[in-house]
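To keep things clear, I will list the structure first and then write my remarks on it.
Computation of the quantities below employed the complete heavy-atom set of this structure, encompassing side-chain atoms and omitting hydrogens, waters and symmetry-equivalent molecules.
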Amino acid sequence: QVLFALNQTLLQHESLRAGSLQAPYTTEDLIKHYNCGDLNAVIFNHDTSQVPNFINTTLPPHEQVTAQEIDSYFRQELIYKRNERMGKRVMTLLTENRDKSFFFAFGAGHFLGNNTVIDVLRQAGFEVEHTPPGQPI
């Protein structure tokens, strides 16, 4: 599975470099939607947007199964569990230091897809508000 994942990742990067494959969104798109607080925009609705997409309909059936297994593993390990850990760290700081104020800044990857850090905090009963650029806190 590791070799398969590495080969697929390299093939995707080679295709991007050669121009035969285009990224679904640009860095500018990501920044714009992040700044606008538009976390439900199309580019943020893909759980696997942070990791290479191994699922490819041109793969033979046995490799499609491998691709699905790897995709599920990455989604669980690199996205869901990471956001759960980050959310729990935030909750611990907030509950153990109720008399203090905190400002948390996360990379855009913590807001992608489902089970984001915000989702973890809201499910635990915390109120989370987006602060747009230029708005005083």
More than 12 foreign heavy atoms under 6.0 Å from CD of Glu129: is that the case here?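 No, because the 6.0 Å sphere around CD of Glu129 holds 12 heavy atoms or fewer from other groups.
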Under 4.5 Å between any side-chain heavy atoms of [X] and [Y], yes or no?
| X | Y | answer |
| --- | --- | --- |
| Phe104 | Leu94 | yes |
| Ile118 | Phe106 | no |
| Val120 | Asn115 | no |

Ignoring hydrogens, what is the shortest heavy-atom contact between Asn97 and Leu93? Give both atom names and the distance. ND2-O, 2.9 Å
Got a second to check how far [X]'s [atom1] is from [Y]'s [atom2], nearest 0.5 Å?
| X | Y | atom1 | atom2 | answer |
| --- | --- | --- | --- | --- |
| Arg85 | Lys88 | CZ | NZ | 10.0 Å |
| Glu84 | Asp119 | CD | CG | 10.5 Å |
| Glu63 | Ile70 | CD | CD1 | 9.5 Å |
| Met91 | Phe126 | CE | CZ | 6.5 Å |

Would Val90 and Phe102 satisfy side chain to side chain contact (heavy atoms under 4.5 Å, CB included), going step by step from the backbone distance to the final call? CA-CA 9 Å; Val90 168; Phe102 289 90; over 6 Å; no
Backbone of Val128 reached by a side-chain donor or acceptor of Arg122 within 3.5 Å: yes
